[in-house]
2 protein chains.
Amino acid sequence: MNRISSAESPNKCSTCVLGQFCLPVGLSADDANKIDTLVTERVRLKKGDSLYRQGEPLTAVYGIKFGTLKTEYALPDGREQITGFHLPGEMLGLDGIGENHYQSNAIALEDSEACVVRFSDFESLARQIPSLQHQFHRILSRELTQDQRHLLSLGSLRAEERLASFLLNLSDRLAARGYSPIEYHLRMSREEIGSYLGIQLETVSRLFSRFTESGLIQIKQRHIKLVDMDGLLELAGKSRAIHCANPSKAA
Amino acid sequence: MNRISSAESPNKCSTCVLGQFCLPVGLSADDANKIDTLVTERVRLKKGDSLYRQGEPLTAVYGIKFGTLKTEYALPDGREQITGFHLPGEMLGLDGIGENHYQSNAIALEDSEACVVRFSDFESLARQIPSLQHQFHRILSRELTQDQRHLLSLGSLRAEERLASFLLNLSDRLAARGYSPIEYHLRMSREEIGSYLGIQLETVSRLFSRFTESGLIQIKQRHIKLVDMDGLLELAGKSRAIHCANPSKAA
DNA sequence: CGACGCCTTGACCCGTGTCAAGAGGGGTGG
DNA sequence: CCACCCCTCTTGACACGGGTCAAGGCGTCG
């Protein structure tokens with residue numbers, strides 16, 4: 001883990017292309033200047049490095065600048081589960097605010113970089129800029145909604161439905177960041193996908209094979225192409241079909 | 001659903017016994033007075049009434065005054081899952097902040113009452129009272145942690161482990177509110193427990209029978225008594241054993 | 001070039017789902 | 001106040017999805 005002060009490499013939030021994810025829109029020049037003081041350093045991570053670990057005292061929350069991270073939550077008996085995969089623009093460490101200690105491990109799946117936001121500074125600035133405060137509440141709230149969707153997936157969907165909705169969810173989030181929604185690189189192993197979805201790695205592998213036979217996807221190693229979006233949406237329990245399928249036919 | 005204005009029935013947060021759950025501690029008299037203006041009305045619910053429904057625009061968040069609520073999240077294809085059971089002092093509606101619309105249904109499991117907190121008023125007050133702001137962030141954050149624990153339960157534990165940790169979780173939360181941690185009334189049906197835990201109601205019923213045979217619990221209808229706490233902790237994946245089991249033997 | 005880690009595939013089995021029948025309690029109407 | 005009905009819960013039999021164990025292929029990195 002490698003710290004970079006913003007003196008060496010200036011890092012203005014106001015000009016960051018990821019601002020749309022972290023920050024409120026339509027700030028005054030004055031407010032934008034204040035926000036630029038928030039991130040005084042960034043952290044560079046190599047694949048496998050952890051950004052923070054369960055139990056460490058919380059001093060900062062993080063915004064992902066580039067790369068991919070996983071968060072995992074462990075039981076004292078050793079069992080653990082991946083609770084999320086995180087892309088640029090997403091915030092990490094929020095689950096640590098409640099107890100002032102991080103509640104999970106955050107680990108880089110590839111070389112990554114995160115902006116360090118000292119939390120007390122952030123709260124003080126949020127009191128001065130109502131739209132920043134509200135944006136932060138929205139981020140926390142969306143995190144809750146995301147977790148609820150995940151809960152429904154683990155509790156009510158069959159393995160193939162979970163995997164299909166996982167692929168579509170990644171697709172959406174990559175598209176929002178300007179990447180192709182139909183072809184992308186999986187940064188995580190079969191085992192990590194399985195952990196996230198509450199199934200075994202062998203099942204993930206078998207399902208990828210089955211999806212390929214059915215003409216839903218093409219996959220080679222970790223490079224995946226979603227061939228039949230509608231078919232995947234069908235499998236994913238139509239959870240987004242009313243929003244996304246056949247938009248041209250919408251009334 | 002029955003609205004009560006605070007003129008008819010004064011309702012001061014500063015003297016509410018549940019304040020320890022909702023509010024920061026150590027407020028000045030001045031701040032306490034401001035907080036007392038937050039809740040201008042309460043809502044009375046009969047069993048089965050909903051406090052809000054998925055898709056409705058969000059104007060307020062809620063604090064439970066008394067009673068028990070469930071929140072459930074639905075897929076467009078009709079499948080749905082209970083994502084939480086909520087006790088007095090807990091806040092509801094937080095998942096709606098992100099999209100300005102509630103993302104779940106909140107339904108009373110028994111006659112209940114909730115304090116209405118107009119969200120824009122709340123944010124404005126939180127900007128004036130740092131400890132209120134921070135407390136709200138802690139509440140949101142703990143909600144996230146709770147969901148992560150639930151995710152781990154659904155993804156990594158077997159049915160009997162899920163049920164055991166569910167019973168212990170209820171026990172803890174009831175104890176924190178001054179009720180008996182070893183004997184309580186289940187406000188939800190077997191089907192609702194199953195939905196929450198991602199298992200079928202028949203499995204819940206069979207497990208209750210098995211737990212009874214093993215001497216872990218006694219159960220008659222919805223009245224349950226936890227007879228062998230250590231045994232339940234053992235089953236629950238030791239997820240809390242290091243904190244709670246055999247405290248007298250702790251180093 | 002070799003070794004290790006990751007992935008695929010097969011065989012078998014167990015936990016849980018599904019379907020079905022019946023018991024028990026509580027509420028409602030006569 | 002009693003009887004009936006309906007809802008909830010229990011229990012059994014059986015089926016199946018996915019877990020577990022095992023063997024082998026493939027790509028990558030040292």
Side-chain angles (χ1 to χ4, degrees), chain A residues 46-48 68 70 79-82 107 109-111 152-167 185-214 216-224 235 237, chain B residues 46-48 68 70 79-82 107 109-111 152-167 185-214 216-224 235 237:
Chain A
K46 285 180 305 188
K47 183 173 177 176
T68 312
K70 66 175 174 181
R79 271 182 293 198
E80 63 183 29
Q81 170 144 358
I82 293 174
I107 296 169
L109 293 174
E110 60 181 323
D111 292 0
L152 189 139
S153 170
L154 297 193
S156 302
L157 305 188
R158 290 177 312 128
E160 62 176 13
E161 298 173 317
R162 293 183 208 177
L163 187 59
S165 60
F166 168 71
L167 294 175
H185 188 78
L186 294 165
R187 300 293 172 178
M188 64 296 287
S189 69
R190 306 292 194 260
E191 182 171 16
E192 287 166 331
I193 296 172
S195 170
Y196 179 74
L197 296 175
I199 56 187
Q200 296 305 114
L201 70 99
E202 292 95 330
T203 303
V204 174
S205 178
R206 272 185 256 269
L207 287 172
F208 276 147
S209 303
R210 178 133 51 98
F211 285 4
T212 304
E213 285 164 29
S214 320
L216 292 168
I217 64 169
Q218 285 167 13
I219 189 166
K220 187 175 182 184
Q221 302 298 117
R222 297 187 181 183
H223 185 85
I224 189 166
L235 259 187
Chain B
K46 284 180 305 188
K47 183 175 176 174
T68 312
K70 66 175 174 183
R79 270 181 292 197
E80 63 184 27
Q81 169 143 359
I82 293 174
I107 297 169
L109 294 175
E110 60 181 324
D111 293 0
L152 189 140
S153 171
L154 296 194
S156 302
L157 304 189
R158 291 177 311 127
E160 59 176 15
E161 297 172 317
R162 293 182 207 178
L163 186 59
S165 61
F166 168 71
L167 294 175
H185 189 78
L186 294 165
R187 300 293 173 179
M188 64 296 285
S189 68
R190 307 292 194 258
E191 182 170 17
E192 287 165 332
I193 296 172
S195 170
Y196 179 74
L197 296 176
I199 56 187
Q200 295 305 114
L201 71 98
E202 292 94 330
T203 304
V204 175
S205 179
R206 270 186 257 270
L207 287 173
F208 276 147
S209 303
R210 178 135 48 100
F211 285 3
T212 303
E213 285 164 29
S214 319
L216 292 169
I217 64 170
Q218 286 168 12
I219 189 166
K220 188 175 181 184
Q221 301 298 116
R222 298 188 179 182
H223 184 85
I224 189 166
L235 260 187

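Chain letters run A, B, ... following the sequence lines, proteins first, then strands; residues in each count from 1. Basis for what follows: all heavy atoms, side chains included, without hydrogens, waters or symmetry-related copies. Source: prediction; values computed, not measured.
Where the helix from C:dC1-D:dG30 to C:dG30-D:dC1 starts and where it ends, the local axes point in directions that differ by 40°; five pairs per end, rounded to 10°.
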Point to revise | Annotated protein contacts, base or backbone, on nucleotides 2-17 of chain C with a non-hydrogen cut-off under 4.0 Å, one of B, S, - each | key: ----SSBBBB----SS
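For A:E191, the side-chain contact (heavy atoms from CB on, under 4.5 Å) partners two or more places apart in sequence, or in a different chain, are A:S189, A:L201. A:H185 pairs by the side chain to side chain donor-acceptor pair (under 3.5 Å) definition with nothing, not counting sequence neighbours. Not counting sequence neighbours, the partners of A:T203 by the side-chain contact (heavy atoms from CB on, under 4.5 Å) test are A:A159, A:I199, A:Q200, A:L207. B:Q218 pairs by the side-chain contact (heavy atoms from CB on, under 4.5 Å) definition with B:K225, B:V227, not counting sequence neighbours. For A:E110, the salt bridge (charged side-chain N to carboxylate O under 4.0 Å, His left out) partners are A:R187, not counting sequence neighbours. With sequence neighbours excluded, the residues that form a side-chain contact (heavy atoms from CB on, under 4.5 Å) with A:I219 are A:L186, A:R190, A:F208, A:T212, A:I217, A:I224. Residues passing the side chain to side chain donor-acceptor pair (under 3.5 Å) test with B:S156, sequence neighbours excluded: A:Q81.
For the salt bridge (Lys or Arg N to Asp or Glu O under 4.0 Å) condition, the pairs that include at least one residue of residues 200-213 of chain A, sequence neighbours left out, are A:E160-A:R210. For residues 192-201 of chain B, every residue pair satisfying the salt bridge (Lys or Arg N to Asp or Glu O under 4.0 Å) rule, not counting sequence neighbours, is listed here: B:K70-B:E192.
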Check your understanding: Going through the checks in order, is the side-chain contact (heavy atoms from CB on, under 4.5 Å) test met by A:L216 and A:L167?
Key -> CA-CA 11 Å; A:L216 292 168; A:L167 294 175; over 6 Å; no
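Of all nucleotides in DNA chain D, those with any atom nearer than 4.0 Å to a heavy atom of chain B start and finish, going 5' to 3', at D:dT8 to D:dA13.
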